[in-house]
Amino acid sequence: MERSRFLLSITLLLLQYSSIVTGAAKTNITTDQSALLAMRSHITSDPHNILVNWSTSTSVCNWVGVTCGARHLRVVSLNLSYMVFTGTIPPHLGNLSFLVALSFNNNSFYGTLPHELSYLRRLKFISLGFNNFMGSIPSWFGSFPKLQRLDLYGNQFSGTVPSTIFNLSTLQDIDLGANKLSGAIPREIGNLTMLKGIYLDSNNFNEIPKEIGLLDQVEILYVSLNALKGPVPVAVFNMSSLTMLTLYGNSLSGGLLDNICTSS
Ligand SMILES: *[C@@H]1O[C@H](CO)[C@@H](O)[C@H](O)[C@H]1NC(C)=O
Ligand SMILES: *[C@@H]1O[C@H](CO)[C@@H](O)[C@H](O)[C@H]1NC(C)=O
Ligand SMILES: *[C@@H]1O[C@H](CO)[C@@H](O)[C@H](O)[C@H]1NC(C)=O
Ligand SMILES: *[C@@H]1O[C@H](CO)[C@@H](O)[C@H](O)[C@H]1NC(C)=O
Ligand SMILES: *[C@@H]1O[C@H](CO)[C@@H](O)[C@H](O)[C@H]1NC(C)=O
Ligand SMILES: *[C@@H]1O[C@H](CO)[C@@H](O)[C@H](O)[C@H]1NC(C)=O
Ligand SMILES: *[C@@H]1O[C@H](CO)[C@@H](O)[C@H](O)[C@H]1NC(C)=O
Ligand SMILES: *[C@@H]1O[C@H](CO)[C@@H](O)[C@H](O)[C@H]1NC(C)=O
């Protein structure tokens, strides 16, 4: 009697647990389709009629700009670059749980980025360059454990850079150029040891931290056209892989060090 009650409660527990598990895994290609239909309805101008192609009579995997993975048949890439779209990003995009690459370059997308994008744990590439996105860079950008490339070039992002984005330990390229960002570049940038390209030009940054000197993979560092003051920071001459450095358009004083080329 006691024993069967015990077994029953174990069984109930297991049932409850498995329904939680399947509940979490319940998304499928239909979820991806609803997310993309929400995206479509948030695009208010499509002068080349590209979205006529996004028809529910065929699988989303055949839609222009959409790529599905072979293994799960789920959307892995959404590339709407150079399509001359105007619109905003709906929160529903956060439901594309298999997404690896998001590319919206050179359109007229505007507004702020919905925090639901932080659910996209598989993202490796985020390219939103040359649009009109605004607001601060959200602190949830720190939540992409596999991110390799972050391109926000040529938008209206303002405020300081949240130090959480320096949680992105797999990042290789960070491009925040041509925005309205200000303040010091956070010293946590020294944590991103895989960085190869750092593009921070054409903003209002006023300080480069000495920790940048720790980054020995960086080949390109653009900090021109900012509000940097004082002597040229010594740390940059310590970056052993550096081949391209731009500093012009700041208020830096002093000449370049005599030993600038000793490490090459
Ligand atoms: C996706 O899941 C929903 C319910 O969770 C179901 O109604 C639908 O048929 C599924 N779609 C596919 C293509 O399996
Ligand atoms: C959309 O375009 C793709 C690629 O050009 C094509 O394979 C597909 O058949 C088109 N779908 C529709 C509904 O026009
Ligand atoms: C996205 O599409 C554009 C234009 O078709 C292409 O040039 C670019 O390489 C694509 N990007 C990715 C990441 O596939
Ligand atoms: C997708 O996301 C939206 C908004 O974030 C939400 O309302 C919707 O219920 C989500 N789930 C599915 C399966 O579409
Ligand atoms: C992207 O947009 C920028 C700004 O409008 C422009 O300078 C650049 O040439 C565009 N790039 C391409 C490949 O169209
Ligand atoms: C930092 O990254 C870890 C591991 O990917 C993650 O668990 C954590 O939530 C991230 N922190 C922030 C502030 O994004
Ligand atoms: C950077 O690294 C230091 C030391 O390893 C650690 O304490 C700090 O939390 C890291 N910062 C971020 C934003 O990940
Ligand atoms: C330059 O690098 C060396 C060794 O890699 C380190 O000991 C030193 O503190 C660095 N100097 C600066 C200014 O970053």
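Scope of the values below: all heavy atoms of this structure, side chains included, with no hydrogens, waters or symmetry mates. Counting starts at 1 for both ligands and their atoms, in listed order.
For CE of Met134, the number of neighbouring non-hydrogen atoms (other residues, nucleotides, ligands) closer than 6.0 Å is 12 at most.
Hydrophobic cluster membership differs between Leu99 and Leu73, with clusters built from Ile, Leu, Val, Met, Phe, Trp and Tyr side chains linked at under 4.5 angstrom.
Partners of Asp151 under the salt bridge (Lys or Arg N to Asp or Glu O under 4.0 Å) rule, at least two apart in sequence or in another chain, are Arg149.
For the pair Ser103 and ligand 3, a heavy-atom separation below 4.0 Å is found.
For Asn95, a nitrogen or oxygen atom sits less than 3.5 Å from a nitrogen or oxygen atom of ligand 4, counting backbone and side chain alike.
Side chains of Trp54 and Leu37 form no contact here, defined as non-hydrogen atoms less than 4.5 Å apart.
Note: Phe133 and Phe109 have parallel aromatic rings, judged against thresholds of 30 and 60 degrees for the angle between ring planes. Ring geometry for Phe98 against His72 counts as tilted: the plane angle lies between 30° and 60°, on a 0 to 90° scale.
Near Pro91, meaning under 4.0 Å from one of its heavy atoms, ligand 4 places the atoms 5 (O). With ligand atoms numbered from 1 in the order given, ligand 4 contributes 12 (C), 13 (C) to contacts under 4.0 Å with heavy atoms of Thr31.
The nearest pair of heavy atoms linking Ile212 to Ala235 is CG2-CB, 4.3 Å.
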Quick check for students: name every N or O atom pair between ligand 2 and the protein closer than 3.5 Å, with distances.
from: ligand 2; atom 1: 2 (O); to: Asn53; atom 2: ND2; distance (Å): 2.3
from: ligand 2; atom 1: 11 (N); to: Asn53; atom 2: ND2; distance (Å): 3.1
from: ligand 2; atom 1: 14 (O); to: Asn53; atom 2: ND2; distance (Å): 3.3

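Look at Arg187 and Glu211 and you find a salt bridge, because one of the NZ, NE, NH1 or NH2 atoms lies within 4.0 Å of a carboxylate O, short of that distance.
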